[in-house]
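Quick note: numbers below take in every heavy atom, side chains included, and nothing from hydrogens, waters or symmetry partners. Remember, predicted model here, so these are calculated numbers, not experimental data. The first residue in the sequence is number 1, and the count goes up from there.
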Amino acid sequence: MASQYYQEMQESFRNNNKSREFPAHTAKVHSVAWSCDGRRLASGSFDKTASVFVLEKDRLMKENNYRGHSDSVDQLCWHPTNPDLFVTASGDKTIRIWDVRTTKCIATVNTKGENINICWSPDGQTIAVGNKDDVVTFIDAKTHRSKAEEQFKFEVNEISWNNDNDMFFLTNGNGCINILSYPELKPVQSINAHPSNCICIKFDPAGRYFATGSADALVSLWDVEELVCVRCFSRLDWPVRTLSFSHDGRMLASASEDHFIDIAEVETGEKLWEVQCDSPTFTVAWHPKRPLLAYACDDKEGKYDSNREAGTVKLFGLPNDS
């Protein structure tokens, strides 16, 4: 028997399954993220810039473009509780902290290598950035100085704190999830999560689960307390690149080179919906308060005429009559 939640969300998506695209960049978009209050969406691109939109009813209105990096912006994230600050990680060996009120870069922090992933600690005090040489640097968000640096002997993919801020998680190229104590950074556990490269990791807002996505095309859901796998989602055929939990922690979006985004009910693993795409999806992010999903695809591929410019940000979950 389908849960009441399942039926409610199916009904909701039947009436709100429109996607709309918004021009954001002149090249492909690597990363999208919502501010904690859900008012703004930021995107980072191969075109070396970040863009910020304001969500107005059912539209994203472009507010600003943030320039300064001299290489691709591979990942960005917002401060967990301050909706005005976000940080970008770039291949130019810097991270930059930006303030949407002044539209200025308030700090540029030099790092040792080409940065590919970044996250902000739940308490807002620390930014962790990982580079192509598998070094993770922990930067004090107030002084902008490096507090610690860890070189790993394996390929580091995505990084994240747990919601309690006392453990630090890394997914690696051997299919493992490595867990370190924080701030001591002592190894706590290594979980053999997948038979192949473990690519992405996300924690649910309620703090009960985290999910990992792998090159084996599986998404696995883990109990935070027990550190055991609760269930797997196996509807994708390609390596899982990106994951996002909905604000209530009850839906999980996952995407890959498959031409759809899978939306699963977390408690049952059942498919709630799929969002059709014309090309591989790089990044997905649920809105922090509403069933709206921001995402970005590789729009250069396939059926499009060659003069079509990539670099759009898309929004799914809009009313069909909008």
Side-chain angles (χ1 to χ4, degrees), residues 24-33 35-36 40 42-52 64-161 165 168-173 178 180 182-186 200-201 282-283:
H25 295 277
T26 58
K28 62 187 173 196
V29 178
H30 289 304
S31 181
V32 293
S35 58
C36 59
R40 288 182 170 85
S43 57
S45 166
F46 187 71
D47 72 5
K48 308 175 187 174
T49 71
S51 283
V52 171
N64 246 303
N65 191 244
Y66 292 79
R67 300 172 185 282
H69 281 299
S70 59
D71 201 345
S72 173
V73 176
D74 274 0
Q75 205 173 37
L76 51 76
C77 62
W78 292 82
H79 187 290
T81 53
N82 180 340
D84 298 319
L85 299 180
F86 70 97
V87 61
T88 49
S90 168
D92 66 9
K93 302 189 179 183
T94 69
I95 68 164
R96 285 175 176 251
I97 303 172
W98 310 85
D99 189 325
V100 297
R101 291 162 302 190
T102 60
T103 70
K104 286 191 170 59
C105 173
I106 55 172
T108 302
V109 184
N110 292 304
T111 58
K112 287 201 167 153
E114 295 178 42
N115 299 312
I116 48 177
N117 44 40
I118 195 159
C119 60
W120 211 311
S121 63
D123 64 8
Q125 291 178 18
T126 313
I127 296 164
V129 58
N131 70 25
K132 284 185 178 168
D133 305 316
D134 308 312
V135 174
V136 177
T137 306
F138 294 86
I139 294 159
D140 186 308
K142 287 201 177 61
T143 65
H144 311 134
R145 291 204 170 87
S146 169
K147 295 201 279 197
E149 200 174 81
E150 287 285 312
Q151 168 76 61
F152 293 94
K153 293 186 175 69
F154 46 75
E155 178 189 317
V156 174
N157 289 318
E158 205 158 47
I159 52 179
S160 179
W161 274 270
N165 218 108
F168 191 76
F169 287 63
L170 311 96
T171 59
N172 80 27
N178 292 85
L180 309 176
Y182 189 82
E184 304 81 21
L185 301 175
K186 296 278 178 281
C200 45
I201 183 166
F282 292 124
T283 175

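When every heavy atom of R96 is checked against every heavy atom of C105, the shortest pair comes out as NH1-SG, 3.7 Å. Shortest non-hydrogen contact noted between A128 and V136 is CB-CG1, 4.3 Å. Counting all heavy atoms, side chain and backbone alike, G124 lies closest to A141 at O-CB, 3.5 Å. Closest of all the heavy-atom pairs between V52 and A42 is CG2-CB, 4.1 Å. Looking at every heavy atom in both residues, P122 comes nearest to P80 through O-CG, 3.5 Å. Contact detail for I127 and V87: the closest heavy-atom pair is CD1-CG2, 4.1 Å.
With sequence neighbours excluded, the residues satisfying salt bridge (Lys or Arg N to Asp or Glu O under 4.0 Å) with R101 are D84, D99. With sequence neighbours excluded, the residues satisfying side chain to side chain contact (heavy atoms under 4.5 Å, CB included) with T49 are H25, D47, N65, R67.
The closest side-chain heavy-atom distance from I106 to L85 is below 4.5 Å. For the pair T137 and I95, the minimum side-chain heavy-atom distance is 4.5 Å or more. The shortest side-chain heavy-atom distance between S31 and D74 does not fall under the 4.5 Å cut-off. Two residues are said to be in side-chain contact when any heavy atoms from C-beta on lie closer than 4.5 Å; N172 and D134 fail this criterion.
No donor-acceptor pair under 3.5 Å is formed between the side chain of T94 and the backbone N or O of T108. For N64 (side chain) and T103 (main-chain N/O), no donor-acceptor pair under 3.5 Å exists by modelled atom type. Side chain of T88 to main chain of V73: no donor-acceptor pair is present (N/O by atom type, distance under 3.5 Å, no hydrogens or angles). Between the S121 side chain and the T126 main chain, a donor and an acceptor come within less than 3.5 Å of each other. At distances below 3.5 Å, at least one donor-acceptor pair connects side-chain atoms of T171 with backbone N or O atoms of E158. S45 places a side-chain N or O within donor-acceptor distance of the main-chain N or O of A27, the cut-off being under 3.5 Å. Not a single donor-acceptor pair under 3.5 Å links the side chain of N115 to the backbone N or O of A89. D123 places a side-chain N or O within 3.5 Å of a backbone atom of Q125 that can act as its donor or acceptor partner. A side-chain donor-acceptor contact under 3.5 Å links Q75 to the backbone of I118.
For the atom pair N178 CG and F152 CZ, the distance stands at 7.5 Å (nearest 0.5 Å).
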- Item | Chi angles and distances behind the side-chain contact (heavy atoms from CB on, under 4.5 Å) call for Y66, V100 | CA-CA 9 Å; Y66 292 79; V100 297; 3.5 Å; yes

- Task: Tell me, with the steps shown, if I139 and T111 meet side-chain contact (heavy atoms from CB on, under 4.5 Å).
- Result: CA-CA 10 Å; I139 294 159; T111 58; 4.3 Å; yes

- Task: Could you please spell out the steps behind the side-chain contact (heavy atoms from CB on, under 4.5 Å) verdict for F168 and C119?
- Result: CA-CA 11 Å; F168 191 76; C119 60; 4.1 Å; yes

- Between V135 and K112, does a side-chain contact (heavy atoms from CB on, under 4.5 Å) hold up when you go through it step by step? CA-CA 8 Å; V135 174; K112 287 201 167 153; 5.6 Å; no

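Surrounding NZ of K147 are more than 12 heavy atoms belonging to other residues, nucleotides or ligands, all under 6.0 Å away. More than 12 heavy atoms of other shown residues, nucleotides or ligands fall within 6.0 angstrom of atom CZ in F138.
Taking the six-membered ring where tryptophan is involved, the planes of H69 and W98 are perpendicular, since the angle between them exceeds 60° and thus also 30°. Ring geometry for W78 versus F86: interplanar angle of 30 to 60°, hence tilted.
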